[in-house]
Each structure stands twice: as C-alpha cells, then as structure tokens.
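Ligands are counted one by one from 1 in listed order, and the atoms in each one are counted from 1 as well. Residue numbers run from 1 in the order of the sequence given. Only a predicted model underlies this, so the values are computations on that prediction, with no experimental measurement involved.
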Amino acid sequence: MASIVKISAYLGALLALAACAAQPIDPQATPELPSQYKAKAAVKAQKYMIVSANPHASRAGLSVLQKGGSAVDAAIAAQMVLNVVEPQSSGIGGGGFLMHYATKTGSIEAFDGRETAPAKISPDVFLRPDGRPKGFYEAAVGGAAVGVPGLVAMLESAHKKHGKLPWADLFSPAINLAEKGFSVSERLHSLVARDKKLKTFPQTAALFYDAQGKALSIGTLLKNPELAQSLRLIAKGGASAFYQGEIGNDIVKAVNGANPNPGMLSLADMKSYTAKDRVPLCGPYRSWLVCGMPPPSSGGLATLQILGLLEGFDLTKIKPQSTEAVHLFAEAEKLAFADRNIYVSDPDFIPVPTTGLLDSGYLTDRRKSIDPKKSMGKAEPGLPGLISEAPFAPDQGGFGFSTTHISIIDEEGNALSMTTSIENAFGSRLLVRGFLLNNQLTDFSFLPIKNGSPVANSVEANKRPRSSMAPTLVFDALGKPALIVGSPGGSRIIGYVSNTILGVLDWKMDAQEAVSLPHYQNRNDLTELEKGSSLEALKIPLEALGHKIRLTPMTSGLHVIQVTPDGLIGGADPRREGIALGR
Ligand code: GLU
C-alpha cells in the first residue's frame with residue numbers, strides 16, 4: 001500500500017552513516033527540575049512495555065500485553081481508560097495520531113485520526129462582527145469549535161490491521177472503572193478547581209463538582225455510568241455505533257444546541273468521517289532513522305527539520321543544558337517554526353512542500369543562518385524547491401494544556417507511538433453521554449487573511465486543523481526500533497520531543513533522564529526556560545547572545561520507551577502522573 005514505508009528502504013544508508021558516527025562524550029548528571037516535581041526512576045523490562053499518563057491506563061495496557069495482545073490492542077485499552085481517568089486530556093470526543101511499526105513486515109504506518117471541520121462551517125466562525133479574531137475561550141467553549149471526532153475511527157482502522165485480541169474485550173477495563181469509580185487524582189482535581197469555564201454547561205458541572213459546587217476533592221470516588229454505557233455501545237457495535245447511531249445523534253444535538261456558540265455539525269459529517277492512512281515522514285538523523293507524523297500535523301516535519309539543522313553541529317562535544325546547547329537548539333527551532341507557521345496545513349487542501357523542506361541541501365543552506373555566538377533574532381521562512389516567494393502569511397497558533405501520549409512495544413517487537421487530544425483542558429466543555437467533546441477547530445488560524453496574504457491553515461469545510469502532535473519512532477542502523485517518544489504541550493510538543501531525542505541519541509541519557517531534563521524552547525519568538533529549574537541560571541548568558549528570555553512552567557507529558565541491547569527502558573514525565581510498566 002502506498003501509505004506504508006518499509007524500513008528496508010533505509011537500511012543501506014543508515015549502516016553507512018553508522019560507520020562514520022562520532023563517539024559521544026559521557027553524559028552529565030541530570031540537572032535539577034523545579035522542586036514541585038518528584039523524581040521518577042527508570043523502569044526496565046525485557047519483553048514488553050507501556051508508558052502512559054496514568055497508572056490505571058498503564059495497568060490496563062500491561063494486562064493486554066500480558067495476555068498476548070498487540071501494541072495496538074494495548075493502546076486501545078489504555079486510551080479508553082484515559083478517557084475515564086484523565087477526561088480533561090483526550091477521549092472518544094477527540095482525535096489523535098498514531099505511528100506504528102510492524103516487526104514482521106518492517107512496515108511503518110501513520111494513522112491520522114484528526115478532527116474535521118463540518119461541511120457547513122463558516123470561514124469567519126472565529127471572527128467577531130468587526131472582523132477581529134475572537135479570544136481563545138470565546139471561540140473554544142461551546143459547539144462552534146467541535147470537529148468531527150476521529151479517535152474511534154482511527155483506533156478501529158489500526159485494530160483491523162494490527163489487532164490480535166477481540167475489539168470488544170479491550171473496552172472492559174475502562175467500562176469497569178467508569179462503573180465502579182476511581183479516585184480523583186491530584187491533577188484532575190487541580191485542573192477542575194482552576195477551570196473557569198467548566199460550569200458553563202450544567203451536565204458537565206454535575207460530573208466534576210460536588211453538591212456545594214466545589215471541585216471534587218482528591219480521592220473522591222468518581223463514577224461515570226453514562227461513559228460506561230457509551231463505551232459498551234462502541235465495544236459491541238464498533239466505530240459505526242459511534243458515528244451513526246444514537247451517540248452520533250447526541251453529539252450533533254449537543255454541538256448545535258450549545259449556548260454559547262452553537263455549531264453547524266450534521267449527522268452526514270459524522271457518517272462521512274474517515275481516519276486517513278498517511279505516508280510517514282522519515283528522515284535520517286546521524287545514524288538513526290526518525291519517523292514522525294506528516295501534515296496535517298506539523299510535528300514530524302518540524303522535529304525532522306530541527307534534527308536536520310542540528311546535525312551540522314557535534315552535540316556530543318557540547319554539554320547538555322549548557323548556554324551553547326540552549327542557544328543552538330533555540331536557533332534551529334526558530335528556523336523550523338518559521339517554515340511550519342507558513343507552510344503546514346491539511347495536505348488534502350493545500351500542498352505542503354515536505355520534500356523540499358527536508359531536503360539536505362535546503363537544510364544546509366538554512367543552517368548557515370545559525371551563528372554559534374549570536375542570536376539571529378526572529379527567523380524568516382525559507383523557500384524550498386521551486387517556491388520563489390513565501391506563499392502564505394505566518395500563523396503561530398498552538399495553545400493547550402491537555403492531550404496525552406502513549407508509547408508501547410509488544411512482545412513481538414511491534415512499536416506504537418500515539419498522541420491523542422481534545423485540545424484544551426476539558427475541550428469544548430460540552431459533555432455528551434459521559435465524554436467531553438473537543439475544541440480542536442481552534443487549531444485553525446482564526447484569521448483567513450493576514451497582512452493581505454491568505455493563511456494556509458485557514459478554516460474551511462471538511463478540512464483538518466494543523467496540529468503539533470509528534471508521535472515519533474526512531475530506528476537504529478539495523479532498522480530496529482530504538483526509541484518511542486511523544487508528548488502533549490500544544491506547539492511546545494515539537495521542542496519537547498526533539499530535545500528528548502537529542503538527550504537519548506547524542507547525550508546518551510536513558511529514557512528517564514532524558515524526559516526529566518529541564519526544558520527550553522524557542523517557537524520563533526522568546527527563548528523559554530522552564531521556571532524554577534536549574535536552567536534559570538542561563539538567563540544572563542543567553543541574553544548576552546541576544547536572546548529574549550521568558551521563564552515559564554513547561555508541563556510536558558513525555559512518555560518514552562528506549563530499546564537497548566540490555567532490554568527496554570521506560571521514562572515517564574515527572575511533571576505528570578504517568579508510569580512505565582513492563583515485563
Ligand atoms: N491541539 C493541539 C495540537 O493538536 C494539542 C494540544 C496540547 O498538546 O495541549 O497540536
């Protein structure tokens with residue numbers, strides 16, 4: 001099939017690169033994280049492993065792997081549990097992207113379960129009557145930003161190809177938890193407590209607040225029988241029970257009847273939704289092959305560009321977390337974001353020049369603007385291939401505090417990296433049959449035209465909004481999975497993922513050390529350093545190089561599996577509640 005990439009196609013080139021790869025220096029001791037985070041220890045296993053954002057979900061995935069289930073089976077079980085216990089982040093009311101490697105065939109696949117805009121959406125849906133863009137929450141809360149959810153269709157498509165256990169069985173752990181209840185976690189409690197929009201809809205408020213209107217306290221047993229019933233219907237009837245039956249009807253009613261912000265969703269939009277098989281975006285980084293999600297996500301492209309730009313520097317000679325490392329990374333990330341902000345959108349609407357943007361000659365040329373001694377300021381987009389003039393206006397976008405990432409490897413060696421989302425924390429705040437609907441359409445540019453030029457990522461009927469999600473698979477020179485990685489974090493996902501890859505590949509950290517590193521980023525504006533971390537000490541030396549610095553919390557949710565000759569190593573982000581489990 002055209003959308004599948006074979007690992008065998010890359011083997012010769014990778015082996016040649018491995019032969020001349022530089023030896024790395026010894027890693028530095030892991031620098032300090034902000035004090036509110038508890039350190040987590042690396043988890044080791046020999047046969048199989050799952051790392052997800054919540055212990056209940058990791059346990060559900062592990063039990064599937066123990067029964068001989070595939071990576072896809074485990075992902076479905078874990079994802080459904082996440083819908084119950086981490087409802088603010090992802091679920092059947094949202095979408096996501098899934099990267100899969102099948103060990104028997106050497107095939108790498110990219111599943112696109114991104115939400116789509118309804119056929120009747122208006123291009124000015126996110127504009128005020130005076131033509132100015134709406135505020136984020138003004139647009140996000142209610143029905144207008146709800147895209148047709150893609151998660152269930154995507155998981156069904158992946159299960160048809162790679163599932164081993166019956167679809168219906170994979171829903172049992174989630175149905176049990178939703179029915180019997182689970183203890184409200186610290187994170188869920190604090191996100192409910194600080195949310196200012198969750199009381200907009202009485203049904204939603206009834207699930208998350210007590211009789212006095214207070215956020216359910218930590219440890220409260222939270223039951224969600226309506227969600228259990230929805231999951232039962234999907235377990236029995238598959239994706240069509242979601243898109244075509246009573247669930248689909250109720251979604252349409254909730255979206256179009258929302259006050260504020262009624263939407264324009266129809267049952268025809270629901271019925272015509274398809275998850276798409278995309279061609280994975282793969283490129284070499286030193287002697288590894290890095291494969292990520294192509295557009296409509298910008299995640300894979302930007303990650304590969306950052307790595308491709310940094311390939312010109314011997315990072316093994318630079319200390320991780322040093323002024324030099326932050327400077328080079330920030331400059332490379334700026335260049336990648338300048339391109340991302342112009343070129344990436346739904347490729348079924350606007351051709352995205354991915355080949356030109358990843359061409360080694362193009363990247364070599366772009367790399368020339370990185371001066372190791374001085375910040376370039378704001379980066380301009382490049383002109384890859386035959387493009388002579390930047391065709392679109394930039395669109396920064398990328399805001400969000402929800403989303404979740406799962407990494408899995410099963411006993412056969414099949415590898416899975418999946419990031420899923422309902423966009424903002426608690427999405428649109430609309431609750432239907434026990435699950436929250438997404439506000440993913442706010443990932444479109446609110447303005448269709450900027451400074452007289454059209455924006456590629458503009459709102460259009462049936463279009464998928466640009467994402468930053470970056471589920472990634474890294475292969476070694478023999479074509480075997482070496483690293484499975486991904487994170488939530490809006491457009492910061494790109495920096496989190498790229499930096500973790502550098503931590504493991506160049507700085508020889510283990511998966512846990514790499515995800516525990518304090519973060520730095522530059523999305524072509526300010527250089528951000530993780531607030532409260534040891535990186536704060538770099539503010540002055542970076543300013544001396546010309547960086548404008550912002551100290552800010554950077555709550556990634558990196559969940560990583562590293563495959564080593566001695567076995568599997570799992571790393572769970574200390575900034576969230578997740579754990580790695582394996583055997
Ligand atoms: N909606 C975002 C995206 O698709 C993800 C949001 C988040 O990570 O919080 O890029």
Side-chain angles (χ1 to χ4, degrees), residues 52-53 82 86-91 93-99 110-117 126 136-137 139-141 145-151 154 187 191 195 278 292-303 336-337 340-341 344-346 395-406 417-429 436-446 457 459 463-472 485-498 500 519 521 523 528 552-559 573 575-576 578:
S52 83
L82 286 172
E86 200 199 28
Q88 72 276 10
S89 293
S90 72
F97 297 105
L98 189 163
M99 294 291 303
F111 294 87
D112 168 356
R114 186 67 163 168
E115 294 86 339
T116 55
F126 300 131
F136 178 78
Y137 289 105
V141 176
V146 179
V148 182
L151 184 74
M154 178 181 82
R187 184 166 175 79
L191 287 172
D195 200 277
R278 302 279 182 195
M293 200 64 216
S297 186
S298 59
L301 179 68
T303 301
F337 264 78
R340 166 201 182 268
N341 294 349
V344 183
S345 93
D346 183 340
D395 154 39
Q396 178 68 28
F399 179 88
F401 301 101
S402 83
T403 309
T404 205
H405 182 81
I406 306 179
S417 186
M418 176 170 85
T419 313
T420 61
S421 177
I422 55 171
E423 214 300 296
N424 195 236
F426 304 99
S428 64
R429 275 68 173 178
L436 287 158
L437 293 176
N438 70 83
N439 65 295
Q440 212 67 252
L441 303 186
T442 54
D443 273 0
F444 282 124
S445 167
F446 286 17
N457 182 36
V459 179
K463 193 175 175 184
R464 300 181 181 211
R466 182 190 62 201
S467 170
S468 301
M469 290 189 262
T472 306
V485 49
S487 179
S491 58
R492 290 197 184 105
I493 290 172
I494 290 162
Y496 296 148
V497 167
S498 306
T500 304
H519 291 309
Q521 294 254 340
R523 293 169 293 160
E528 299 176 322
T552 181
M554 295 167 91
T555 326
S556 55
L558 285 152
H559 297 130
D573 202 314
R575 301 162 187 85
R576 302 231 179 184

Geometry only, no angles: is [X] polar-contacting ligand 1 at N/O separations under 3.5 Å?
X    : value
D443 : yes
P488 : no
I493 : no

**OP:** Report yes if some heavy atom in the side chain of M418 is under 4.5 Å from a heavy atom in the side chain of P471; otherwise report no.
**Re:**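 No - every pair of side-chain heavy atoms lies 4.5 Å or more apart.
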**OP:** Give a yes or no on whether the backbone of G578 and the side-chain of D573 come within a donor-acceptor separation of less than 3.5 Å.
**Re:**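 No, the answer is negative, given that no donor and acceptor are paired below the 3.5 Å cut-off.
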Ligand 1 atoms in contact with [X] (distance to a heavy atom under 4.0 Å):
X    : value
M469 : 4 (O), 10 (O)
T403 : 5 (C), 6 (C), 7 (C), 8 (O), 9 (O)
S468 : 3 (C), 4 (O), 10 (O)
S467 : 3 (C), 4 (O), 10 (O)
G490 : 6 (C), 7 (C), 8 (O), 9 (O)
Q440 : 1 (N), 2 (C), 4 (O)

Original post:
Would R114 count as a contact of ligand 1 if the rule is a heavy atom under 4.0 Å away?
Top reply: yes
Original post:
Between V148, I422, N438, which is the residue that forms a side-chain contact (heavy atoms from CB on, under 4.5 Å) with E115?
Top reply: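 Of the listed residues V148, I422, N438, the side-chain contact (heavy atoms from CB on, under 4.5 Å) partner of E115 is N438.
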Original post:
Does E528 come within less than 4.0 Å of R523, counting only side-chain N to carboxylate O?
Top reply: yes
Subject >> Ion pair R114/D112, N-O distance below 4.0 Å >> reply: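 Looking at R114 and D112, the cut-off is not met.
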**OP:** Hey, can you tell me if H405 and H559 have their rings parallel, tilted or perpendicular (30° and 60° cut-offs)?
**Re:** parallel
Original post:
What heavy-atom pair brings S468 and I494 nearest, and what distance separates the two atoms?
Top reply: O-CG1, 3.9 Å
